[in-house]
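What you see is a predicted model; the values in this text were computed from it and never measured. A note on names: the letters A, B, ... follow the listed sequences, proteins ahead of strands, and every chain is numbered from 1.
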Amino acid sequence: MDAVVTLRNVTKSFASVRAVDDVSFAVRKGTITGLLGRNGAGKTTTLRMINRVFLPDSGTIELFGSVNDASARDRIGYLPEERGLYRKMKILEQLLFFAEIKARRPADARAEAESWLKRLELWDKRDAKLEELSKGNQQKVQLIGAMLHGPELLILDEPMSGLDPVNVVLIRRILREQRDAGRTILLSTHMMGEAEKMADDIVLIHEGKVVLYGELAGVRASFGRNTVHLAFDGDGAFLEKLPGITHASITNNAAELRLDAGADPQGILEAATPRIRIRRFEVAAPSLEEIFLDRVGGDTLAARLAPDEGEEEVPL
Amino acid sequence: MRKVFAVIKREYLQVVRKKSFWILSILMPVFLLGLMLGPALLMRRGLSGKRVVVLDGTGRLRAAFETASGTGLTPKMGDSQAVFGSRSRRNALSIDFEYVPVDGDLTEARAPHFERLSKRRAPKGERLDGVVLIPRDAFEGAESKVTLYTRSAADFVTQERIARIVNQAVTKERLVARGIAAADTEALLARVPVDSVQVTRGGRERKGGELNFLAAFVFGALLLIPMFAYGQEIMRGIVQEKTDRVVEILISSMSPMELLSGKILGLAAAGLTQVAIWLVMGGAAATFAGTAAAAAGASQLGSLDARIVPYFLIFYVLGYLTYASVYAIGGSVTNSEKEAQQFVAPIMFFLLIPWFLATVILQSPESPMAVTLSLIPIFTPVTMFMRVIVSEPPLWEVALSIVLSIATIYGMFWMTAKIFRTGILSYGKRPTIPELWRWLRVA
């Protein structure tokens with residue numbers, strides 16, 4: 001499949017820090033690619049380079065099949081991290097301005113802006129200044145701003161930050177629609193669960209380097225179907241010590257247990273039933289979170305940062 | 001081009017929609033006019049109807065003071081009444097003299113008058129503004145002095161007035177003492193008025209130069225204030241875009257040069273709108289004042305306005321672009337408005353040098369200093385504009401100054417765009433001079 005974005009051996013340093021180190025990956029047309037990593041891993045720097053906000057120190061970035069084509073920027077919609085909007089400007093006017101600097105005539109963008117604002121329940125606030133909006137609403141405005149000129153490629157830096165669960169579901173649906181309409185999406189996130197729900201492909205970067213890259217399904221499969229996902233009532237602390245388990249993350253009522261190659265999941269079930277009440281038992285591929293921790297040696301990291309805690313969404 | 005236009009439109013509307021824009025537009029000329037005319041008005045009031053006692057030890061100056069009593073000064077160029085036309089001249093600045101010949105000791109005689117001078121709450125008719133002591137030997141003694149006692153030492157107008165009366169009377173006496181007929185002394189001492197007429201390059205004569213002096217200040221201020229105001233606006237805008245991170249979207253949508261020129265042009269348009277408002281207001285005022293002046297028999301205002309307008313526009317644009325570049329750099333290399341102000345302040349102070357030297361430039365517009373300053377590009381707008389108002393510098397000088405200015409602005413833009421490109425995305429600490437230099441070479 002065609003690649004919309006291709007990075008080849010891209011490196012970028014700030015002072016003595018190598019923020020992005022020899023990164024190569026491609027974003028396939030019509031897919032959602034998740035750029036994953038901890039805070040400070042180099043995600044934002046990578047996205048900024050693709051947007052030509054920074055130039056790489058070395059390596060090349062190819063957009064729509066060509067390097068250094070200034071016209072490519074009008075085919076990209078960009079949602080920067082935090083906020084990228086004028087605080088004192090009215091919503092609708094602001095959106096039309098952003099469409100115009102992407103070479104779309106305001107008159108053409110207006111109808112579309114209206115339908116987006118209505119869909120995202122912001123039409124009543126079209127003449128309010130941005131600063132009068134809640135953080136979640138600002139984020140929605142930002143997203144409309146990124147999409148309004150009809151870009152072929154959407155680059156979203158932490159698109160879900162600041163959104164409540166209802167809006168998260170809404171935005172997720174919108175992004176899938178965009179993909180299904182043939183657009184390509186590259187988004188960064190540090191929430192593994194989020195990436196798992198949305199991404200077709202993942203690029204995992206850690207300390208500026210790509211540590212894992214590929215189709216999500218393939219990546220998970222490559223880790224084998226040797227993980228037991230449990231939901232239960234009772235004290236599950238003992239699960240960790242069962243034979244044949246190489247790695248366990250246990251929370252109040254759930255556990256993810258990775259098994260030895262030779263271990264039989266059935267044995268785990270048998271050992272567990274007498275002591276806890278099982279509500280769910282599944283043998284599947286490990287979660288992205290587990291994969292991530294495995295790859296970056298996050299076990300020790302997480303243990304150091306948050307002892308005794310393995311929340312449902314570890315902010316890595 | 002559409003992108004630049006979008007930025008121009010945004011910047012322009014952002015400014016023009018603000019209330020402060022309209023307040024500044026309407027109040028600034030009123031304020032400046034008040035600043036120029038206020039002191040003159042106050043001075044006129046303060047100087048009229050003064051009461052001064054003359055204690056004359058010689059006893060021979062009664063006639064001189066009694067003729068002078070109650071009348072004003074003969075008009076003098078540069079005095080405040082030039083502004084007001086000739087109508088009210090007679091009664092302005094008048095002094096009432098109370099003449100007292102003293103035969104005995106002057107020190108003794110002055111005591112009761114000193115009391116009237118120093119007493120704050122003396123009745124209106126009683127209160128004195130000055131006491132003049134003329135010693136007995138005023139005519140003969142080479143060392144003798146006339147003394148004026150007043151409550152304010154800075155009342156130089158009264159002082160000069162009295163000096164003139166005394167000197168004229170004393171001269172007259174001296175002439176008579178040397179055998180000249182008393183009747184001839186009037187003719188001998190009659191003052192010859194000196195009229196100031198400017199000769200233009202075309203050989204035409206033009207009056208009203210002293211009004212140009214005043215106009216140069218007013219127009220100079222009208223030139224500088226928007227340059228500062230909109231330069232600041234550019235800086236504030238850039239800092240704001242950095243803190244709001246809008247800059248990432250802008251930079252990923254257009255080239256830094258497009259962004260920078262959009263901003264500068266948008267605000268220049270806002271500034272020109274303001275200037276246009278001022279010109280319309282000024283035109284209306286001039287028409288009104290022209291009618292008033294024509295009624296009063298004077299038509300000095302007419303010689304000025306039309307000639308200034310094109311120069312005003314040219315130097316406004318040049319000055320604005322120079323300042324805007326400096327402010328844009330200030331905004332690019334700093335992270336808060338306060339920091340930016342600190343960065344820009346010393347540079348602005350430097351750019352203001354011609355303004356501090358305005359009096360000197362206006363008094364000798366063809367002096368080597370004025371000519372040199374007007375040819376140094378960053379000083380050109382203010383200096384050359386002032387020279388153009390009060391004199392007629394050679395055309396080649398004006399042309400050269402404009403060409404040099406444009407070349408410099410071009411260079412500054414190049415530099416600004418580079419610093420802007422690199423600086424606008426550095427969220428960290430302010431760069432040092434060597435770092436800035438590196439940006440210039442690398443960017």
Side-chain angles (χ1 to χ4, degrees), chain A residues 12 14-15 17 44-45 47-55 57 63 70-90 93-109 129-131 138 141-142 145-146 148-149 151 153 155 157-158, chain B residues 1-21 233 236-263 266 337 418 420-429 431-432 435 438-439 442-443:
Chain A
K12 176 79 184 174
F14 297 105
V17 183
T44 296
T45 304
L47 296 186
R48 282 182 178 164
M49 282 191 287
I50 298 172
N51 275 299
R52 300 168 66 90
V53 169
F54 293 147
L55 296 177
D57 296 339
L63 289 166
S71 73
R73 60 188 171 209
D74 293 341
R75 300 160 74 182
I76 302 175
Y78 178 34
L79 180 139
E81 200 184 14
E82 291 171 27
R83 185 177 52 202
L85 298 165
Y86 289 106
R87 277 190 295 145
K88 305 261 179 210
M89 211 171 163
K90 290 176 182 171
E93 197 184 336
Q94 174 145 227
L95 287 173
L96 296 181
F97 169 73
F98 285 121
E100 197 172 1
I101 60 170
K102 289 284 193 181
R104 178 140 198 224
R105 293 167 45 142
D108 298 344
K129 286 182 181 165
L130 182 88
E131 61 187 358
Q138 293 186 0
V141 172
Q142 181 93 69
L148 197 52
H149 59 289
L153 170 64
I155 297 178
D157 201 350
E158 302 280 355
Chain B
M1 222 32 230
R2 163 168 297 283
K3 298 180 180 199
V4 179
F5 177 72
V7 177
I8 292 176
K9 192 172 67 178
R10 199 198 86 85
E11 298 288 338
Y12 180 79
L13 289 177
Q14 285 295 301
V15 171
V16 174
R17 278 182 192 161
K18 278 188 205 153
K19 278 193 203 81
S20 58
F21 174 83
E233 199 65 38
R236 198 174 304 139
I238 292 174
V239 171
Q240 192 70 58
E241 280 166 4
K242 279 170 79 166
T243 42
D244 285 355
R245 308 265 171 135
V246 186
V247 71
E248 282 184 43
I249 297 193
L250 298 175
I251 284 294
S252 65
S253 308
M254 61 181 97
S255 74
M257 201 62 189
E258 281 175 310
L259 177 57
L260 190 64
S261 35
K263 283 182 158 306
E337 216 176 295
K418 289 209 154 185
F420 184 71
R421 178 70 183 88
T422 320
I424 202 163
L425 291 163
S426 64
Y427 296 115
K429 67 172 179 49
T432 57
E435 270 173 318
R438 207 161 45 90
W439 288 5
V442 173

B:Lys3: side-chain hydrogen bond (donor to acceptor under 3.5 Å, both in side chains) partners, not counting sequence neighbours: A:Asp74
Side chains of A:Gln142 and B:Ile249 in contact at under 4.5 Å (non-hydrogen atoms): yes
A:Pro106 vs B:Lys9 side-chain heavy atoms within contact, under 4.5 Å: yes
Salt bridge (charged side-chain N to carboxylate O under 4.0 Å, His left out) partners of B:Glu11, counting only residues at least two apart: B:Lys263
Using non-hydrogen atoms only, which part of [X] is less than 4.5 Å away from chain B: side chain, backbone, both, or neither?
X: A:Glu93; answer: side chain
X: A:Phe14; answer: neither
X: A:Ile101; answer: both

Salt-bridge contact A:Glu100-B:Arg10 (side-chain N to carboxylate O under 4.0 Å): no
Interatomic distance, B:Ser253 atom OG to A:Phe98 atom CZ [nearest 0.5 angstrom]: 8.0 Å
Interatomic distance, B:Met254 atom CE to A:Lys102 atom NZ [nearest 0.5 angstrom]: 9.0 Å
side-chain contact (heavy atoms from CB on, under 4.5 Å) evaluation trace for B:Ser252 with A:Arg73: CA-CA 6 Å; B:Ser252 65; A:Arg73 60 188 171 209; 5.8 Å; no
Closest-packed option against chain A by number of heavy-atom pairs under 4.5 Å, given B:Val4, B:Leu250, B:Leu13: B:Leu250
A:Glu81 and B:Glu248: CA distance, side-chain angles, deciding distance, side-chain contact (heavy atoms from CB on, under 4.5 Å) verdict: CA-CA 10 Å; A:Glu81 200 184 14; B:Glu248 282 184 43; over 6 Å; no
Distance-minimising heavy-atom pair for B:Ile251 and A:Val53: CG2-CA, 4.0 Å
